[in-house]
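Note that the coordinates shown come from a computational prediction; the quantities given were computed from them, not determined experimentally. Just so it is clear, the values below take in all heavy atoms, side chains as well, and ignore hydrogens, waters and symmetry mates.
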Amino acid sequence: MSKTMYQILIVTGIVTSEHDPKTNRMLKRTLESTGRFRVKITEEFRGATAETLKGYDAVLFNYDGKADVKAPYIPLGDTAVETLCKFVADGGGIIIYHSSAISQEEEFPDEFVKMIGGAFKFTNGGRKNPKLSFRVDTVKGDPICEDVPDYWYTAQDDLFVNIKWLEGNQVDVLATVYDGEEDYDLNRMQKHLAKDYQNIDFSKLENLNKDHPVIWKNTYGKGRVFVPFIGHGTDTIRRPEFVSIFARGCEWACCGEVTIPYPDIQEEKRFAVWPYYDNISLAKMAELTEGI
């Protein structure tokens, strides 16, 4: 009997300029390589209704609403956001990818924050840890994390800390990163960040020297929410640990179960290149990933 094929719609459009434009194609390729997903990408979701999402098992939301970090936020509009929330509440799934989980001040609807499980705001104690590559600690016990090493590393990524969790949510943390005082060495961080941290008593930073969630899942109504808050850089997306957690988190968002195994890159399969799940020739892989 053939395995279920899940349908995912990547909702994107306005993404800040420091994010690689290949990201959406890489996420699509990663999912489809498992043989369990068909993925489409749309860059226009304003005015979307229930009919727009008919036939989909989950939405992958990768939308910043800003062309750059200093630009004003451009919301999708009440209709589109209400459509997403109702889709999940009625039993669908959503994957809220990386910076899409950053709350945009007063323009981020309360229901959307509730769906995420909490709010990250720069105006409410949230901060960006200056380190770009960091160790990720896997939280064991969830099928999404089965066989994933106890810890692994990102490459050129973002670490946002101090999420304000909402009371009564059902968040399960899948991975954490340590936010330590040693990370805030002014001589080692990027110059634009050093300007923000000058003349600050680092010992008084909220929740310093603690582990902070970077990947989690939540339930919202009858639906499922998967949030990889890291995944900024293409090199992180290529890590087998990230590939596994991402693919299985998306499967869980679609159906509430996890069946996709950790990538087998042992023995002869060690020659497999990203995204690791393919059992096809290297020539065919090169053809499929051309331009990524």
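- When all heavy atoms of V161 and F120 are compared, the closest pair comes out as O-CE1, 3.0 Å.
- No more than 12 heavy-atom neighbours from other residues, nucleotides or ligands sit within 6.0 angstrom of CD on E267.
- Within the 3.5 Å criterion, the main-chain N or O of R46 finds a donor-acceptor partner in the side chain of E44.
- For R135 (side chain) and W152 (main-chain N/O), no donor-acceptor pair under 3.5 Å exists by modelled atom type.
- Between T30 and W274, the closest heavy-atom pair is OG1-CZ2, 3.4 Å.
- If you look at F61 and F112, their ring centroids are closer than 6.0 Å.
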Worksheet entry | K28 and M26: CA distance, side-chain angles, deciding distance, side chain to side chain contact (heavy atoms under 4.5 Å, CB included) verdict | CA-CA 5 Å; K28 171 180 164 69; M26 290 183 71; over 6 Å; no
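- Side-chain contact check for D179 and Y184: at least one donor-acceptor pair (N or O, by modelled atom type) lies under 3.5 Å.
- We find that E206 and K164 are joined by a salt bridge, their nearest charged nitrogen and carboxylate oxygen being less than 4.0 Å apart.
- F37 and C254 make their closest contact through CE2-SG, 4.0 Å (heavy atoms, listed as atom of the first residue, atom of the second, distance).
- Residue K70 qualifies as open at atom NZ: its count of foreign heavy atoms under 6.0 Å is 12 or below.
- The nearest pair of heavy atoms linking A101 to V227 is CB-CG1, 4.1 Å.
- Counting non-hydrogen atoms of other residues, nucleotides and ligands closer than 6.0 Å to NZ of K114 gives a total of 12 or fewer.
- In this structure, the side chain of S244 does not engage the main chain of P240 through any donor-acceptor pair within 3.5 Å.
- Note: F160 and F122 have perpendicular aromatic rings, judged against thresholds of 30 and 60 degrees for the angle between ring planes.
- Using a distance-only test at 3.5 Å, with no hydrogens or angles considered, no donor-acceptor pair links the side chain of D183 to the main chain of N129.
- Nearest heavy atom pair, residue Y56 against residue K40, reads OH-CD, 3.3 Å.
- With hydrogens and angles left out, the side-chain atoms of T12 and E43 include no donor and acceptor closer than 3.5 Å.
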Item to complete: Determine, stepwise, if the pair V173 / V171 fulfils side chain to side chain contact (heavy atoms under 4.5 Å, CB included).
Response: CA-CA 6 Å; V173 175; V171 167; 4.3 Å; yes
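- Ion pairing of E82 with K86 is absent here, as no side-chain N (NZ or NE/NH1/NH2) approaches a carboxylate O to less than 4.0 Å.
- Side-chain polar atoms of Y220 and E111 form a donor-acceptor pair below 3.5 angstrom.
- Under a 4.0 Å N-O distance rule, the pair K66/D68 does not qualify as a salt bridge.
- Remark: aromatic rings of W216 and F226 are distant, center separation not under 6.0 Å.
- Around the OH atom of Y153, the shell of radius 6.0 Å holds more than 12 heavy atoms that belong to other residues, nucleotides or ligands.
- Scanning all heavy atoms of the two residues, the minimum distance from I95 to F246 falls at CG2-CE1, 4.3 Å.
- Between the side chain of T138 and the main chain of P149, a donor-acceptor pair closer than 3.5 Å is present.
- Inspection of the S99 and D64 side chains reveals an N or O donor paired with an N or O acceptor under 3.5 Å.
- Remark: side-chain polar atoms of E251 are paired, donor with acceptor, to backbone N or O of I260 under 3.5 angstrom.
- Hydrophobic clustering (side-chain heavy atoms under 4.5 Å, transitive across Ile, Leu, Val, Met, Phe, Trp, Tyr) groups I14 together with F45.
- The aromatic rings of H98 and H232 lie perpendicular to each other, with more than 60° between the two planes, well past the 30° mark.
- Counting only distance, with no hydrogens or angles, the side chain of Y197 and the backbone of P130 share no donor-acceptor pair below 3.5 Å.
- Without hydrogens or angle criteria, N162 side chain to R127 main chain gives no donor-acceptor distance under 3.5 Å.
- With hydrogens and angles ignored, the 3.5 Å screen pairs no side-chain donor or acceptor of S100 with any backbone N or O of I96.
- R38 has no carboxylate O lying under 4.0 Å from a charged side-chain N of E32, or vice versa, which leaves the two without a salt bridge.
- Using modelled atom types, one finds a donor on one side chain and an acceptor on the other under 3.5 Å when comparing R36 with T259.
- Under a 3.5 Å cut-off, the side chain of D90 and the backbone N or O of F87 do not form any donor-acceptor pair.
- Summarising the local packing, CG of N199 is surrounded by 12 or fewer heavy atoms from other residues, nucleotides or ligands at distances under 6.0 Å.
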Fill in: Working for side chain to side chain contact (heavy atoms under 4.5 Å, CB included), residues Y262 and R248
CA-CA 9 Å; Y262 189 80; R248 292 193 283 190; 3.9 Å; yes
Worksheet item: Yes or no on salt bridge (Lys or Arg N to Asp or Glu O under 4.0 Å) for D157 and K131, after CA distance, side-chain angles and deciding distance?
Response: CA-CA 8 Å; D157 219 292; K131 58 188 176 184; over 6 Å; no
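- Under the 4.0 Å criterion applied to side-chain N and carboxylate O atoms, K140 and D150 are assigned as salt-bridge partners.
- In this structure, the separation between OG1 on T42 and CG on N24 is 10.5 Å, given to the nearest 0.5 Å.
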